[in-house]
Amino acid sequence: MGQSLTFLLVHIIFSTKNRKPFIHDTVAPRLHGYLATLVRDLDCTCYRVGGVADHVHLAVRMKSDVDVADIVEKIKAKSSGWVKKIDPSLRWFAWQRGYGAFSVSPHFRPELIDYIDTQKEHHKTESFQEEFRKFLEKYEIEYNEEHVWK
């Protein structure tokens with residue numbers, strides 16, 4: 001085959017350091033837009049960004065030559081510096097070191113987008129930790145409870 005053709009849809013989740021509720025309503029829309037721009041600047045497609053005060057979700061179609069760890073590292077580093085500049089009260093803003101990345105069938109893209117769009121409703125009854133544990137269990141990912149939240 002002469003070219004590489006892929007459709008890699010990834011649900012990426014990461015939280016603020018120590019799950020501090022930094023992402024308040026005045027910052028969230030700007031941050032989500034900036035994260036989407038950073039993804040597009042890496043030649044990937046960002047279908048949606050959303051979340052609540054302590055974490056974000058992204059629906060990203062990865063380019064065939066882009067690595068998930070690389071894209072997450074770049075968008076977290078750039079957005080962290082950007083957040084500190086746009087609001088002086090967020091000078092201590094930081095992302096948690098790790099992240100979750102889960103493959104999603106293109107068939108389920110609408111459901112993923114809806115899930116991201118309804119994060120505020122979802123988190124009225126479930127914490128970030130409960131939500132993330134469910135993803136780890138659903139995708140059969142082994143983890144150490146002691147280390148996953150650092």
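Between the side chain of T118 and the backbone N or O of E121 there is no donor-acceptor pair closer than 3.5 Å. Judged purely by atom type and a 3.5 angstrom limit, R91 uses its side chain to pair as donor or acceptor with the backbone of P88. N18 places no side-chain N or O within 3.5 Å of a backbone atom of K20 that could act as its donor or acceptor partner.
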Query - Verdict with supporting geometry, H32 and V56, side-chain contact (heavy atoms from CB on, under 4.5 Å) - result: CA-CA 8 Å; H32 296 168; V56 293; 4.0 Å; yes

Query raised in the report: Should H57 and H122 be marked as a ring pair (Phe, Tyr, Trp, His ring centres under 6.0 Å) after you check the CA-CA gap, both sets of side-chain angles, and the distance that decides it?
Result: CA-CA 13 Å; H57 293 254; H122 175 76; 7.8 Å; no

Requested in this report: Tell me, with the steps shown, if H55 and E131 meet side chain to side chain donor-acceptor pair (under 3.5 Å).
Outcome: CA-CA 11 Å; H55 71 281; E131 174 189 50; 3.1 Å; yes

Query raised in the report: Are L112 and R48 close enough, and set up right, to give a side-chain contact (heavy atoms from CB on, under 4.5 Å), and what steps lead you there?
Result: CA-CA 9 Å; L112 174 58; R48 191 68 90 237; over 6 Å; no

Query raised in the report: Between R30 and D87, does a salt bridge (charged side-chain N to carboxylate O under 4.0 Å, His left out) hold up when you go through it step by step?
Result: CA-CA 11 Å; R30 292 169 64 195; D87 188 334; over 6 Å; no

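Residues R40 and T37 meet the side-chain proximity criterion, which asks for heavy atoms closer than 4.5 Å. By the 4.5 Å heavy-atom criterion applied to side chains, F22 and V27 are not counted as neighbours. Counting heavy atoms from C-beta on, the side chains of L9 and R109 come closer than 4.5 Å. Here the side chains of D43 and V66 are not in contact, with every heavy-atom distance at 4.5 Å or above. Here the side chains of S80 and F93 are in contact, with some heavy-atom distance below 4.5 Å. Residues V83 and K85 fail the side-chain proximity criterion, which asks for heavy atoms closer than 4.5 Å. V68 places a side-chain heavy atom less than 4.5 Å from the side chain of Y99. With contacts defined as side-chain heavy-atom distances shorter than 4.5 Å, the pair I23/T16 qualifies.
Considering every non-hydrogen atom in both T125 and E130, the closest pair reads O-OE1, 4.3 Å. Minimum interatomic distance between I75 and L35 (heavy atoms only, all atoms of both residues): O-CD2, 4.1 Å. Closest non-hydrogen pair, K63 versus C44, comes out as N-SG, 3.5 Å. Residues T6 and R61 approach most closely at O-NH2, 2.8 Å, considering heavy atoms. Between V10 and A101, the shortest heavy-atom distance links the atoms CG1-CB, 3.8 Å.
Of the inter-residue distances, the one linking E111 atom CD with I113 atom CD1 reads 9.5 Å to the nearest 0.5 angstrom. We find the CG-OG1 distance between L8 and T45 to be 11.0 Å, quoted to the nearest 0.5 Å. S79 contributes atom OG, which lies 5.5 Å from atom CH2 of W95 (distance to the nearest 0.5 angstrom). Rounded to the nearest 0.5 angstrom, Q129 CD and E145 CD are separated by 8.5 Å. Atom OG of S103 sits about 5.5 Å away from atom OH of Y139, to the nearest 0.5 Å. For the atom pair CD of Q119 and CD of E126, the computed distance is 9.5 Å after rounding to the nearest 0.5 Å.
Residues F7 and I12 fall into different hydrophobic clusters, defined by Ile, Leu, Val, Met, Phe, Trp and Tyr side chains chained together at heavy-atom separations under 4.5 Å. Hydrophobic clustering of Ile, Leu, Val, Met, Phe, Trp and Tyr side chains at less than 4.5 Å, counting indirect connections, keeps I13 apart from L31. Placement of L38 and M62 within a single hydrophobic cluster is found when ILVMFWY residues are connected by side-chain heavy-atom separations under 4.5 Å, directly or transitively. One hydrophobic cluster holds both I116 and F102 under the rule that ILVMFWY side chains link at heavy-atom gaps under 4.5 Å. By the rule that hydrophobic residues join a cluster once side-chain heavy atoms approach within less than 4.5 Å of another member, L136 and L58 end up as members of separate clusters.
Here the options are F108, F135, Y47, the test is ring pair (Phe, Tyr, Trp, His ring centres under 6.0 Å), and the partner is H11; only F135 passes.
Annotation for K78: atom NZ does not count as buried by contact number, only 12 or fewer foreign heavy atoms lying within 6.0 Å.
In this structure, D54 does not pair ionically with K17, as no charged nitrogen and carboxylate oxygen lie closer than 4.0 Å.
Taking the ring axis of F14 as reference, the NZ or CZ atom of K76 stays within 45° of it and closer than 6.0 Å to the ring centre.
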